[in-house]
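Single-structure report; data block below.
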Amino acid sequence: MTAATLLSRRRFLQGSLGALTLAVTARGLVSACWAADAPAQKFGADSMPGGTVDDPLIFVSIAADGLVTIVAHRAEMGTGVRTSLPMVVADEMQARWDRVKVIQAPADEARYGNQNVDGSRSMRHFLMPMRRVGAAARQMLESAAAARWAVPVTELRAEQHEVVHAPTGRRLGFGELAAEAARLPVPAVDALRLKEPADFRYIGKGQVRPVDLEAIGKGRALYGMDMRLPSMVYAVVARPPVVGGKLRHVDSTRALAVPGVLKVVTIPAFEGAPGFLPLGGVAVVARNTWAALQGRSALDLEWEDGPNGSYDSAAYRRMLEAAARAPGKAMRVQGDVAREWKKASDDRRLSADYYVPHLAHASMEPPAATVRIQGGKAEVWTSIQNPAAAQDAVSARLKLKPEVVKVNVLLLGGGFGRKSMPDFVDEAAIVAQAMPEGTPVKLIWTREDDIQHDYLHTVSVERLEAVIDGDGQVRSWLHRSAAPTIASLFDQNAQGQQLFESAMSAINMPYQIPNVRVETAAVPAHARIGWFRSVANIPHAFAAQCFIAELAHHAGTDHKQFALELIGPARRIDPGSLADTWNYSESPQRYPYDTGRLRAVIEAACQGAGWGRKLPEGHGLGLAFCYSFMSYTATVIEVAVKEQGKVQVVAVDMALDCGPQINPERIRAQMEGGAVMGLSLALASEITFEKGRVVQSNFHDYEVLRHGQSPRVIRTHLVNNDHSLPPGGVGEPPVPPVAPALCNAVFAATGKRMRSLPIRMLA
C-alpha cells in the first residue's frame, strides 16, 4: 500500500515552492498547483482542517448541581492546554474553577474544530473561540434568569457561578438555570459581550493549577503506556534497520515457542515516500510485554537494506559541506551579494560553516497505541498530537469510514512533534486486524525502537558569508542551507529545504543589510525527516546567531549593541517583503514582523543576566535571539569553562514576548523546559548513521542533559503582555536561541568558536 492510496483530505501544512503551492495532508502530498489557480488564501485557524468551533453547546455542559464540564479538544503533552483553554472558557462565563471538570474530546474535527497541536497553535488559534464559548454560555445563563424572573437581561450579571439580579440581590446558581439556558439560541458573535482584560479572574494570573497535576503526582494519570483493557494482548515490532528496507525472510519457529507468545504478524513495508505509514517488519503478539519482547528477540530475520543501506553520517556531512559551498536555489534575493563579495578585501570578508546533526525526539514516553476492532467499528486509545491523522490512518488501513473509528486521546508523556505522526497507531491496527474480533491489542515501542526508528530532525550544514565595511556595517549576507526536507516524507523527489523551512529564521530576518541572498541546496533524504520542536529554526538560528556574534567580534563591537544596530529601529515589517509568504500560515497584516518587540526581548534577557558586568576568570556570557511561531525570544547564557575544557552552565536568562500571557505559570514552564532541551541539543544529543543504521539506541549513547548538568538558575522574563495583540506560540520558541547563546558564551570565556553540534564539553 503506497502513501498515495492513503491520502487524507485533512491538510495541516501548506508551503509555497516558488510559484507552486504544495499542499501536505495528514497522510501525504495532495497536490501542487500554480498560485494563479489556487483559491483565495486563508490564514491562521481558517487555513487548518476543521477550522475553529465556538459553540457553547459543544464545549460546555452544566449539571443540576452546578458542576460545569468543559471539553478540552486538544491533546495535553505538558504545555498545559488541557488547563489553559478550559480556564479561558471558565473565566469568560464567570464559573468558579473549583466547580469545573475538564474532559478530553475524542478525534472529531467536524465537531470540535482543528485538533492538531503541532506548530504552537493552540492558544494562537483558540483563545478567541474559547472566549466566545464562555461569553455565550454566560449570556445564555443570564437570559434564562431574565426569563425566569421576567426582568430585563440588562439588570443581570453572572458572577462566581451564579446569576445575580442587581436591583434586588436575588441569585440563581448555574445548575438551577442550566436546563433552561441550554434550550435558548446561541447568541450571535456580534452580540457577545467579552470581558475587559482588567476583569479577568483566571486569565493572565498564573494561579490555576494544571487539571492533571494531582493525578500525575499520585500516578493516576492515564498515558498511552498505561492503557489496560480486559483480555488485552501485547505486541512489539521488529522493523527494518534501514529506512526503505524490506523483510527478505522470517522464521518465527523459536518466537512462537516462547511461553505466552500468541501470534506473529507481518507488517507490510511502505512503497514510495514513507509518509506516516509503518516501516514494515514483523510483530510478535503475546499475553504480556515480556513475552512479546522475548519472542521478538527469538525471531530469525533477514533484511534487504534497500537504497539507503549505504547511508553514512560522516560521508553525508562531507556531501552537505560541499553542497553548502556551491550555488543553490535562491529563496530570497536583495541587492547583489556576489558583487559585494568580489569587490571586498579579504579582511572584510567573513565566512563560516555550521553543522547540526540528526536529532531524535526521545520523549520520556515512547509511542504506544491500543486498538480494538469489533462489530465493524474500531476504537483507539493512544497518546497522539494529531488525533485526526490517527483516525485517518486506522480508517484507511481497515477500510472503515472515519466516523466509525473512535480515537480516545490520552495524556502524552512528551511529543515534540513525533506523536503527530501516527505510524505506530497504524501498526496497532494491522495487528488488531490479525487477531480474533474484539481482542484489544496494545502495541508499544521500546526506547531503542523510538530512537532507532524515529522521524528525525533534519541534519544540516549552514553556510554563512558576509562583507563588513570599515565602519562595522554589514554590507552583504549570504545564507545557504544544505539539509534534507520534511517534504521528502510525501514526495520521493523532494530535495532541499522548501519555503516553509526557509521561512524559519533564514529568509525572514529583518536586518538592515543592503545585499541579502538566501539559498537552499538540493540534497536527498536517507531517513524519515519529521517535525521536531521548533523545526528548521534550530539550525538556521544556530548558524545566524553565532555568525552575528562573529561579525560583532570582527567589528570590535559589543555583541548586544551590534545586534541592536543590525536590527535597526522599531518598525513593523510585512513578512512578504522578506520573501516570507508563508509566515507560519498567519495573516501578514495581523502578524507583521515587529522589530521593536525583538529589541525588547534582547534588552530584557541582557538586563536579567547583567550584560556587561565583570565576570570571573573562565566565565562568559553569550546572547542569541529568534522570531518563531509568532513570538519573540532572546536568551543569555553564562558559562564557566573549567581547565579540562568542560562547560558548566551557570545561569540562563530567557525573555519571551508571546503577546497576551494567558497562563504565565505554563509559559514559564515551557521556557524552562525549552532551556533544558536546547542545552541537551547543544551539548550532548546526536543521531548518526553507519551502513544505513542508526548507531545510537538508548540514553547511554543518545545523551540528554542530566539533572546534575542542568543550570542551577533559569530566569524567565515575560515581556509585553499586551491583550490588544494576537497571541503567539509558546511551546517551540524558547528552543532556537539556546544553542547559539551557549556557543557564544563559550567563545566569550575561551576565545574558541563552536560551529558544530553537539559540542560535547559537559562538566
side-chain contact (heavy atoms from CB on, under 4.5 Å) between Asp449 and Thr446: does it pass, once the steps are laid out? CA-CA 5 Å; Asp449 294 336; Thr446 64; 3.1 Å; yes
Test side-chain contact (heavy atoms from CB on, under 4.5 Å) on Lys406 and Lys377; report intermediate values, then the result. CA-CA 8 Å; Lys406 183 179 182 181; Lys377 299 180 180 181; over 6 Å; no
Kindly indicate, with the supporting measurements, whether the criterion side-chain contact (heavy atoms from CB on, under 4.5 Å) is fulfilled by Val285 and Val431. CA-CA 8 Å; Val285 189; Val431 177; 3.5 Å; yes
Would Val380 and Asn408 count as a side-chain contact (heavy atoms from CB on, under 4.5 Å) here? Give the steps. CA-CA 6 Å; Val380 179; Asn408 300 286; 5.9 Å; no
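Taking CG of Asn698 as the reference point, atom CD of Gln452 lies at 9.5 Å (rounded to 0.5 Å).
A heavy-atom distance below 4.5 Å is found between the side chains of Phe532 and Leu681. Val88 has its side chain within reach of Leu127: a pair of non-hydrogen atoms, C-beta onward, lies under 4.5 Å apart.
The pair Arg209-Glu214 does not count as a salt bridge, with every side-chain nitrogen at least 4.0 angstrom from each carboxylate oxygen. Using a 4.0 Å cut-off between charged nitrogen and carboxylate oxygen, Glu427 and Arg239 count as a salt-bridge pair. Salt bridge status for Arg533 with Glu732: absent, with no side-chain N to carboxylate O gap under 4.0 Å.
In summary, of the residues considered (Val71, Val89, Thr69), a side chain to side chain contact (heavy atoms under 4.5 Å, CB included) with Phe59 occurs for Val71 alone. Trp445 pairs in a side chain to side chain contact (heavy atoms under 4.5 Å, CB included) with only one of the listed residues (Val236, Asp423, Val237), which is Asp423.
Residues forming a salt bridge (Lys or Arg N to Asp or Glu O under 4.0 Å) with Glu686 (at least two apart in sequence, or on another chain): Arg760.
With a 6.0 Å radius and a threshold of 12 heavy atoms from other residues, nucleotides or ligands, Arg287 has its CZ atom at or below the threshold. Heavy atoms from other residues, nucleotides or ligands lying under 6.0 Å from CZ of Arg220 number 12 at most.
No hydrogens or angles considered: a donor-acceptor pair under 3.5 Å links the side chains of Thr688 and Gln696.
The minimum heavy-atom distance linking His73 with Gln115 is given by the pair O-NE2, 3.0 Å.
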